[in-house]
Every structure is written in C-alpha cells, then in structure tokens.
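Heads up, the thing below is written out as structure tokens.
The basis for the numbers below is simple: all heavy atoms, side chains too, and nothing from hydrogens, waters or symmetry mates. This one's a predicted model, so the numbers in the text were calculated from it and none came from an experiment. For this chain, numbers begin at 1 and follow the sequence in order.
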Amino acid sequence: MDSIQRLSIITHGAASSHTIVNNNNNIQTLAHDKTHDIKSGHLQKHNHLTTFQSLPDSIILLIFSYLTPPDLIRCSRVCRRWYIFVTHNQQLWRRLFLRPECMNGHIGAIHVRHIESFIHLLGTRCASSLLYIDLPVELITIEILRELALRCPNLEYLTLDFSTAMQLHDFSDLNEFPYNLKRLCICLSEVIFLESFMRRIYGYLSSLHTIHIIGTMEKPCISPQEDADNYETINISKIKANAPNLRVINLYGINFVDDSHIEVIASGCIHLQCLALNYCIKICGTSFKNLMTRCGKLQCLLLQNTGIQDGPMLAVDWSTTQLSELDLSSTELSEKALLEFFRIIPKLTYLAVPFCDGFTDKVLNLLIDLGKLNGCRALDLSNTVNLNIETMYRLLLSSPDITQRLEALSYTGHACITEQFWIDAIRFLHKIKILIMGTAHSWFRQISRRIHIDQILDACAIHCPNLRRLEIQWDPETVGFSSNSSKFIDHLRIRCTNLLSFVLSDGPYYEGTKANFERAERSSVVRTTTMYQTSIISTLSFYNELRFN
C-alpha cells in the first residue's frame with residue numbers, strides 16, 4: 001500500500017552497502033564495511049561488560065567498601081551474590097558503630113537486637129579485619145569483650161560508653177580483654193563508679209598510645225558542700241601507671257579533674273605529646289610547671305574553658321618547652337599575663353584565643369614584633385572584643401611571614417568589619433584552606449550599611465585556590481547581593497575545586513547558593529549555620545588522635 005510509509009533494508013549477501021527504499025521509491029545507498037561490524041560487536045560486548053552483575057569481584061568489593069554497615073545489610077538482601085559479598089568479605093566490616101546517637105550521622109549505626117547473633121557475627125563476619133568498634137553500656141559484657149579479645153586481634157580503637165549507665169554488669173569473671181589497643185575512649189557516668197570494671201582491664205592497657213576520658217558537661221551547678229563530696233568515678237592515676245606509652249591524653253568535660261591529676265600524669269607519661277583539658281573547669285595551672293619539666297616532648301596544649309590563672313601560668317619557664325600548638329579559648333588570663341607569657345613562649349604553629357578579653361592590641365603587636373606567629377598554620381581570633389581592626393590590618397596586610405603560610409583563619413564577632421576588610425585581606429591568603437568570617441546573631445543591625453558578599457566570593461575564587469571550608473556568618477538582613485550574584489557563585493565553585501563546605505545563614509542567598517551547587521551535582525557543599533559550624537581544629541597535628549565519639 002502506497003499510502004502506508006514503509007522502510008525496508010535490502011542486503012546483498014556480503015555486499016558492502018545497505019539499500020534503503022522509502023515510500024517514494026527513492027533508493028539510498030549507505031556505505032557499510034566490516035569495520036562497522038567490528039565496532040558494533042565491540043560496542044555490544046562493551047555494554048555487556050559494564051552491567052553491574054558482570055563486574056569483576058574486585059570492583060564490586062571496592063564499591064561496597066564505601067558503604068556504611070546499614071547500607072551493606074540492605075545490599076545483602078538484593079541477591080545471593082551480594083549476600084555472599086557482604087557476609088564473606090571481612091574487610092567490609094572494619095568499623096562498627098553501635099550506639100544509637102550515631103544513627104543520625106553519616107557513619108551509620110547498627111542496632112543490635114540479639115546479642116547471641118551479634119557475638120557470632122563478631123567472630124565470623126568481622127574477626128581479624130575489625131579496627132574500630134564502639135559499645136553502648138548494654139553491650140559492654142563479659143561475652144562480647146571476650147569475643148573481641150579472642151577473635152579480633154587487630155582491633156585498635158575501642159569506645160566504651162557508660163554515659164547512660166545506671167548500673168553495671170558483673171565483671172568479676174572478666175579475664176579477657178583486647179590487648180593490642182592503640183586508642184581507648186571511656187565515656188563516664190555521673191552515678192556509676194568504674195573501678196570494679198577498670199581493675200579487670202588495667203593489665204591490658206600497656207599498648208595504648210591515646211586515651212580519651214569523657215565526662216558529662218550537663219551537670220547543674222552544685223553548692224560548695226556538694227562540691228566537697230564530688231566523687232571520682234574513675235581512677236586516672238592507675239590508668240597512667242598501667243599505660244606508660246601514652247602520647248595523647250584527652251580529658252574532656254570532667255568535673256572532678258584538677259591539678260592534682262595533672263601532677264600524676266606528669267609523673268609517669270614521659271612520652272606525652274598532646275594534652276587536652278577542654279572544659280575541665282577546676283584546672284588552675286599549678287601543675288603546669290612540673291608538667292612541662294617532666295614531659296619534655298609536649299607540643300600541643302588545649303585549655304579551652306579551663307580556670308587557668310595568671311600566677312601559675314607565669315611560673316613556668318615556657319622558653320625551654322617544645323610547645324607549638326595552644327588553645328586558650330574562653331579563659332580569663334589578663335593582658336599583663338598574656339604579654340609576659342607570649343614574650344617567652346616558643347614560636348606557635350596553632351593559636352586559638354576566641355572569647356579572651358585579655359588578648360588585646362598590645363598582645364597581638366607583641367606576637368608580630370617578636371615573630372612568634374611566623375610560620376603559624378592556624379589562627380582563631382574570633383570574639384576578641386579588645387582587638388581593634390587596625391591591628392588586624394597590620395597582621396594580615398603587612399606581615400607576609402604570617403599570611404603566606406596561614407592555612408586556617410577564624411575572625412568573627414566584630415561589628416566594625418566590612419567587606420572591604422576581607423577583600424583587602426584575602427589577597428594575601430594564598431594558602432588558606434579554612435576561612436571563617438562574619439558576625440552571627442544579627443549584631444550588624446546596629447549599623448546602617450549592608451555587607452555585599454559578591455566581591456568577597458570573587459576574591460576567594462581568585463586568590464584562594466586551595467580553599468576547602470568557608471563560613472560566612474552574617475545574617476540575611478545584613479548580607480547584600482546583586483542580581484548577578486550567581487556569576488560570582490559560579491566563579492567560586494569553578495575555581496575552588498577542593499571546596500567541601502560552604503556555610504551560610506538561612507535565607508534567600510543561602511537558597512540560591514545551594515541551588516547553584518546542586519545543579520553542578522555538588523549537593524553536600526552548601527550548608528546552613530543552624531546545622532553546621534566550621535572550626536580550625538582540623539589543622540591540629542594531633543587532630544585525628546583527638547577525635548572521639
């Protein structure tokens with residue numbers, strides 16, 4: 001039927017052409033040779049090999065290695081082959097997160113319903129590949145600890161979370177415990193004494209290099225009489241005696257730790273390189289003289305929100321120490337004490353002094369004049385209310401020995417800082433990786449002008465190719481941007497290819513920036529200040545060892 005369109009391909013044996021006849025009887029000849037046949041066959045073969053089921057085992061194993069334990073469990077239900085992969089490859093089960101508070105994180109926690117099945121899985125699915133495991137109090141039992149000791153000889157990092165404990169299991173028969181641990185984290189309870197448990201494991205701690213003892217910071221204020229009866233829920237001196245090779249000690253938020261405990265640590269930990277005492281409010285510093293004398297390798301001292309005082313700090317001969325990383329956040333040292341302290345301290349590679357009223361223009365000028373910050377990698381000067389913009393101009397615009405090496409800078413909480421300051425300063429921050437600026441909590445509503453953010457992004461794109469984390473804290477009422485702001489966001493996204501986190505306050509600019517990155521399939525980069533907070537602590541030399549929970 002001529003009215004019906006028809007297409008026929010007439011081939012002539014091994015002919016080298018195709019003849020196409022259409023409804024108008026027009027004949028078209030298409031060249032076709034053996035090369036085309038080979039390419040078609042190769043293409044079909046190639047398409048067959050790129051289906052997931054046809055991938056070799058090594059590639060599938062590599063893909064699965066990026067999945068969290070909950071994802072692996074879901075994959076095991078897809079087909080028999082995936083089930084075998086998940087259950088028979090121990091290297092997929094190197095880390096197990098078992099605490100419920102990890103459920104909302106990206107690491108993926110597993111809820112254990114049947115302890116007997118879990119014990120069996122420890123010995124079969126994990127076994128010698130297991131490197132890290134955290135245990136909530138209900139899973140800290142003799143049977144599980146024994147299985148970890150017998151079946152998991154390569155276990156290096158163990159977290160024991162007693163923070164929600166109201167009572168302990170009976171550990172009188174505990175005779176096995178992991179013996180090759182490099183790091184141990186113990187989360188304390190306010191009401192449970194751990195000495196009966198610790199007495200059973202002291203002999204297994206000699207291999208430790210890092211220990212975290214985490215207190216609870218939620219305890220309400222107590223009266224002086226109750227303070228006198230503040231019991232120690234764990235014996236730090238015995239831990240020190242049985243772990244002589246400790247290099248990193250993190251005592252975080254423990255309400256009973258004072259200078260007597262630091263004296264005990266100083267007497268036995270000669271290899272100590274990093275000591276973190278953040279939120280141990282009873283630390284005054286009277287133990288630091290012995291600490292710095294006996295622990296000659298100490299390089300990192302973190303004293304955030306401690307009760308350190310002028311006199312004890314000045315009694316130490318800091319010039320003979322190897323201290324290079326220091327955190328004095330939220331401490332009450334005076335300007336006079338800081339001037340004397342920084343005059344004798346060695347050069348610093350990390351300095352954090354946010355919320356320090358004693359850190360003034362005189363102190364920063366002293367550091368610049370003496371070259372104490374030459375070679376500094378990270379600097380946090382946020383919310384230093386007695387530090388003026390003129391001194392910061394001198395630091396960032398006239399001190400190339402500092403700015404040329406600076407990798408992290410946090411300078412927030414100053415109402416007089418405008419976009420012109422940052423446009424001028426960013427030109428000198430060529431190695432910067434972490435940059436935090438702005439003023440949170442709407443302080444900028446006190447002045448009439450707005451902060452135009454487009455030029456700041458453009459300066460970052462041009463001068464900061466290594467930028468990884470950027471946080472701008474100004475609120476939506478303060479941030480101003482043009483109708484062409486998408487062009488500046490594009491510039492930042494294209495030029496700063498290593499950018500992992502861009503944190504902004506909620507509002508129209510945040511929504512537009514997030515949509516811009518999502519269109520480029522980088523949906524996890526733009527974040528909001530209500531959910532994320534950027535810090536410079538990742539530049540610490542001992543950052544990986546200090547991470548817990």
In terms of relative ring orientation, are His212 and Phe548 parallel, tilted or perpendicular, with 30° and 60° separating the classes? tilted

Rounded distance (nearest 0.5 Å) linking atom CD of Glu545 with atom SG of Cys300: 10.0 Å

For Arg547, is the CZ atom crowded, meaning more than 12 foreign heavy atoms sit under 6.0 Å from it? no

Can you give me the closest heavy-atom contact between Pro465 and His430, atom names plus distance? CD-O, 4.0 Å

Salt bridge check, Arg95 against Asp134: does any charged N sit closer than 4.0 Å to a carboxylate O? no

Quick one: pull up CG in Leu370 and CD1 in Ile345 and give me the separation to the nearest 0.5 Å. 12.0 Å

What verdict does the side-chain contact (heavy atoms from CB on, under 4.5 Å) test give for Phe341 and Leu326, after you've listed the backbone C-alpha separation in whole Å, the side-chain angles of each residue and the deciding distance to 0.1 Å? CA-CA 12 Å; Phe341 173 75; Leu326 180 65; 3.4 Å; yes

Salt bridge (charged side-chain N to carboxylate O under 4.0 Å, His left out) between Arg519 and Asp490: does it pass, once the steps are laid out? CA-CA 11 Å; Arg519 285 194 298 270; Asp490 287 338; 5.8 Å; no

Asn180 side-chain N/O to Pro153 backbone N/O, donor-acceptor pair under 3.5 Å: yes

Tell me, with the steps shown, if Arg74 and Asp71 meet salt bridge (charged side-chain N to carboxylate O under 4.0 Å, His left out). CA-CA 5 Å; Arg74 297 186 190 99; Asp71 292 333; 2.7 Å; yes

Using modelled atom types and a 3.5 Å cut-off, is there a donor and acceptor pairing between side-chain atoms of Trp318 and backbone atoms of Leu323? no

Could you give the distance from CG (Leu298) to CG (Leu275), rounded to the nearest 0.5 Å? 6.5 Å

Nearest 0.5 Å, please: how far is CG in Asn278 from CG in Asn250? 7.0 Å

Is the closest side-chain donor-acceptor distance between Glu156 and Tyr132 under 3.5 Å? no

Any cation-pi pair here, Arg527 with Tyr532, using under 6.0 Å and within 45°? yes

The side-chain contact (heavy atoms from CB on, under 4.5 Å) partners of Leu339 (sequence neighbours excluded) come to Glu335, Lys362, Val363, Leu366

Check: Arg493 main-chain N/O paired with Arg522 side-chain donor or acceptor under 3.5 Å: yes

Working to the nearest 0.5 angstrom, can you tell me the gap between Leu435 CG and Leu409 CG? 6.0 Å

Report yes if some heavy atom in the side chain of Leu135 is under 4.5 Å from a heavy atom in the side chain of Asp161; otherwise report no. no

Start with the C-alpha distance between Phe64 and Ile59, add both sets of side-chain angles, then the distance that settles side-chain contact (heavy atoms from CB on, under 4.5 Å), and finish with yes or no. CA-CA 9 Å; Phe64 281 1; Ile59 300 299; over 6 Å; no

Full working for side chain to side chain donor-acceptor pair (under 3.5 Å) between Asp506 and Thr528: CA-CA 6 Å; Asp506 279 322; Thr528 172; 3.0 Å; yes

Calculate, to the nearest 0.5 Å, the distance between atoms CZ and CD1 belonging to Arg247 and Ile211 respectively. 14.5 Å

Nearest heavy atoms of Leu291 and Ala266, plus distance in Å: CA-CB, 3.6 Å

Backbone N or O of Ser334 within a donor-acceptor pair of the Asp310 side chain at under 3.5 Å? yes

Should the pair Phe421 and Tyr411 be assigned to parallel (<30°), tilted (30 to 60°) or perpendicular (>60°) ring geometry? tilted

For Arg343 and Glu340, run salt bridge (charged side-chain N to carboxylate O under 4.0 Å, His left out): C-alpha distance rounded to whole Å, both residues' side-chain angles, the deciding distance at 0.1 Å, then the answer. CA-CA 5 Å; Arg343 184 174 285 109; Glu340 185 63 28; 3.4 Å; yes

Can you tell if the side chain of Ile270 reaches within under 4.5 Å of the side chain of Cys295, non-hydrogen atoms only? no

Could you tell me whether the side chains of Ser329 and Asp327 share a donor-acceptor contact shorter than 3.5 Å? yes

Atom CD1 of residue position Ile281 - does it have more than 12 heavy atoms of other residues, nucleotides or ligands inside 6.0 Å? no

Could you please spell out the steps behind the salt bridge (charged side-chain N to carboxylate O under 4.0 Å, His left out) verdict for Arg377 and Glu325? CA-CA 10 Å; Arg377 296 194 316 272; Glu325 298 180 338; 3.0 Å; yes

Please answer whether the main-chain N or O of Phe488 pairs with a side-chain N or O of Asp458 as donor and acceptor at a distance below 3.5 Å. no

When you compare the side chain of Met437 with that of Ile456, does any pair of heavy atoms fall below 4.5 Å? yes

Thr384 side chain near His414 side chain, heavy-atom distance below 4.5 Å: yes

Would you say Asn484's side chain and Lys487's backbone share a donor-acceptor pair under 3.5 angstrom? no

Which atom pair, heavy atoms only, marks the closest approach of Leu406 to Cys376? CD1-O, 3.5 Å

Any non-hydrogen side-chain atom of Ile472 less than 4.5 Å from a side-chain atom of Val503? no

Any donor-acceptor N or O pair under 3.5 Å, side chains Ser399, Asp401: no

So does Lys182 have more than 12 non-hydrogen atoms from other groups sitting under 6.0 Å from NZ? yes

Residues Ser128 and Asn154: side-chain donor-acceptor under 3.5 angstrom: no

Is there a donor in the side chain of Asn516 and an acceptor in the side chain of Thr513, or the other way round, less than 3.5 Å apart? no

Taking Ser324's backbone N and O only, do any of them form a donor-acceptor pair with Thr349's side chain (distance below 3.5 Å, no angle check)? yes

Are the side chains of Ile423 and Ile426 in touch, meaning some heavy atoms are under 4.5 Å apart? no

As a quick check of understanding, evaluate side-chain contact (heavy atoms from CB on, under 4.5 Å) for Ile308 and Leu333, giving each step before the final call. CA-CA 7 Å; Ile308 54 176; Leu333 296 177; 3.8 Å; yes

Can you name the closest pair of heavy atoms from Thr306 and Tyr279 and give their distance? CG2-N, 4.5 Å

Please step through side chain to side chain donor-acceptor pair (under 3.5 Å) for the pair Ser382 and Asp380, ending with a clear verdict. CA-CA 6 Å; Ser382 298; Asp380 188 348; 3.0 Å; yes

Partner residues of Thr391 under the side-chain contact (heavy atoms from CB on, under 4.5 Å) criterion, sequence neighbours left out: Asp361, Leu364, Asn365, Leu387

Would you please name every residue forming a side-chain contact (heavy atoms from CB on, under 4.5 Å) with Ser65, sequence neighbours left out? Leu62, Leu92

Counting only heavy atoms not in Gln533, do more than 12 fall under 6.0 Å of its CD? no

With a 3.5 Å cut-off and no angle check, do the side chains of Ser505 and Gln473 form a donor-acceptor pair? no

According to the interplanar angle, ranging from 0 to 90°, do the rings of Tyr509 and Phe481 count as parallel (below 30°), tilted (30 to 60°) or perpendicular (above 60°)? tilted

Check whether any side-chain heavy atom of Val525 sits under 4.5 Å from a side-chain heavy atom of Leu499, and report yes or no. yes

Non-hydrogen side-chain atoms of Leu246 and Thr210 separated by less than 4.5 Å: no

Would Thr534 and Glu471 count as having a side-chain donor-acceptor pair, cut-off 3.5 Å? yes

